[in-house]
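Note that the structure is a prediction, hence the values are computed from the model and not measured. Basis for what follows: all heavy atoms, side chains included, without hydrogens, waters or symmetry-related copies. In what follows, chains carry the letters A, B, and so on, assigned in the order in which the sequence lines appear, proteins first and then strands, with residues in each chain numbered from 1.
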Number of protein chains: 2
Amino acid sequence: MDKAPEVFDRLLEITVLLQKDLARSFETNGLTLSRTHLLWELHRLSPSTQQRLATALQVSPRNVTGLVDALVATGFVIRAPHPHDRRATLVTLTELGSATMTEMASQRVQLSQHLVAGLGDEGVTHLVLGLDTVAERRRVLVDEAGRAEAPEPA
Amino acid sequence: MDKAPEVFDRLLEITVLLQKDLARSFETNGLTLSRTHLLWELHRLSPSTQQRLATALQVSPRNVTGLVDALVATGFVIRAPHPHDRRATLVTLTELGSATMTEMASQRVQLSQHLVAGLGDEGVTHLVLGLDTVAERRRVLVDEAGRAEAPEPA
DNA sequence: TATTGTTATACTCTATAACTATA
DNA sequence: TATAGTTATAGAGTATAACAATA
C-alpha cells in the first residue's frame with residue numbers, strides 16, 4: 001500500500017479548493033486573489049518598492065502596476081515617492097489595508113486550527129514535517145532543472 | 001510549540017509554487033493550466049458533455065466552450081455529436097490528448113515520489129492522513145457556511 | 001549603461017445575459 | 001418549460017516590448 005504516488009494529486013486538489021474558498025471570501029471585502037496576495041506580501045514587507053513586490057510575487061513589474069492601481073483605487077494602499085531614489089515608488093498599506101491584513105492573519109490562524117482539528121499534536125507535527133519536506137524537495141528539483149537548463153518535472 | 005497556526009499558510013505556499021512549476025512545464029506542450037485541468041478531468045470522464053465538464057471543473061459552461069475551442073484547435077480533443085441528445089456535444093480525447101495525459105499521469109507519480117523522498121513509509125502515511133483530514137475538515141466547514149447562508153472562512 | 005515604473009498591445013481565464021436548437 | 005451550447009460583452013490577470021525619468 002504505497003501512498004506516495006497520490007501525494008501530489010491530493011496536495012493539488014485540496015489547495016485548489018482552498019484557493020477558491022479564499023477567493024470567494026475576499027469578494028466580500030472587494031478584493032481578488034491576486035490583489036490579496038500582494039497585500040499579504042506587503043503586510044510582511046512594510047513600505048516596499050513595486051520592484052520588490054514584483055520579485056516577491058514572481059510576477060512582472062507591469063503586473064504590479066495594475067494591481068497597485070486597483071488597490072489604490074479601493075483604498076487599501078497608497079503610493080509615495082521614494083526618499084532616496086526618485087525613480088522608485090514606495091507602496092504602503094493604509095489603515096484599511098493594515099486592518100484587513102491583521103484580520104486576515106487571525107482568520108488564517110483560526111482556519112488552520114479548524115483544518116487540523118482531530119489530528120492531535122503529534123499528527124500536526126507530522127503533517128508540518130511532511131509539508132516542509134515536500135517544500136524542500138521541490139526546491140531541490142527546481143534547482144536541478146535550472147542547472148540542467150531544461151525544465152522537466154510535470 | 002503549537003504548529004497548527006502555520007498549516008494553512010504552508011499548504012498554500014507550497015501549492016502556489018507547485019502550480020507555477022506545473023504551468024511552466026505545460027507550456028512545453030502548448031498547454032495552459034486551465035486547459036490541462038480540463039484535459040485531466042476528461043482523462044477520467046471519458047467522452048463527456050461540456051455540461052458535465054463545467055460541473056466537474058466548477059466553472060461556467062461558457063468557459064468550457066472557450067477551453068474546448070482551444071483544445072480542439074491544438075489537437076488535444078475533438079467534438080462529436082451526442083448520439084441520443086442532439087443539443088449536446090461529446091468531447092473526447094484524441095490520441096495526442098490521451099498520450100499526453102498518460103504521460104502526465106506517470107510524471108505525476110514520479111514527481112510525488114521525489115517530493116516525499118526521505119520521509120519513509122511511515123512519514124508518507126502520516127502526511128496523507130494529515131492531508132485527508134484537512135480535506136475532510138474543509139468540507140465540513142464549507143457545508144456549515146453553506147447552511148448558515150453566510151460564507152465566512154478566510 | 002542599468003534600473004524603476006509606465007504606456008501600448010495582446011492573450012488567457014472567467015462571468016453573466018441573451019439567444020438558438022433541441023428536449 | 002427546461003437544458004446544452006453559443007454569441008455578445010466585459011473585467012481581471014498576466015506577459016513582452018518600447019519608452020521616460022533617474023541612477
Can you check the [X] [atom1] to [N] [atom2] distance for me, whole Å?
X        : N       : atom1 : atom2 : answer
Leu90(B) : dG5(D)  : CG    : C1'   : 13 Å
Leu71(A) : dA12(D) : CG    : P     : 12 Å
Gln19(A) : dT14(C) : CD    : C1'   : 15 Å
Asp69(B) : dC13(C) : CG    : P     : 12 Å
Asp85(A) : dA2(C)  : CG    : P     : 17 Å
His37(B) : dT12(C) : NE2   : P     : 19 Å
Arg87(B) : dT20(C) : CZ    : P     : 17 Å
Phe26(B) : dC13(C) : CZ    : P     : 12 Å

Lys/Arg-Asp/Glu bridge criterion (N-O < 4.0 Å) met for [X], [Y]:
X         : Y         : result
Asp132(B) : Lys3(A)   : no
Arg139(A) : Glu136(A) : yes
Arg44(B)  : Glu41(B)  : yes

Near DNA chain D, under 4.0 Å by heavy atom, which residues of residues 39-67 of chain A?
->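 Those residues are Val59(A), Ser60(A), Arg62(A), Asn63(A), Leu67(A).
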With distance as the sole test, does Thr94(B) use its side chain to make a donor-acceptor pair with the main-chain N or O of Phe76(B) at under 3.5 Å?
-> yes
Under 3.5 Å donor-acceptor, Ser46(B) side chain and Leu42(B) backbone | no
Give the nucleotide from the list dG13(D), dA2(C), dG5(C) with an atom nearest to the side chain of Arg35(A).
->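 Of the candidates, dG13(D) comes closest.
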OP1 or OP2 of dT6(C) sitting under 4.0 Å from any side-chain N/O of Arg79(A)?
->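 Answer yes for this pair, as a side-chain N or O of Arg79(A) is under 4.0 Å from OP1 or OP2.
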Please check the phosphate of dT12(C) (OP1 and OP2 only) for any side-chain N or O of Ser34(B) closer than 4.0 Å.
->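 No, because none of the side-chain N or O atoms of Ser34(B) sits under 4.0 Å from OP1 or OP2 of dT12(C).
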For Arg62(B), salt bridge (charged side-chain N to carboxylate O under 4.0 Å, His left out) partners two or more places apart | none
Aromatic Trp40(A) / basic Arg35(A) pairing, under 6.0 angstrom, 45° off normal |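 Cation-pi check for Arg35(A) and Trp40(A): fails.
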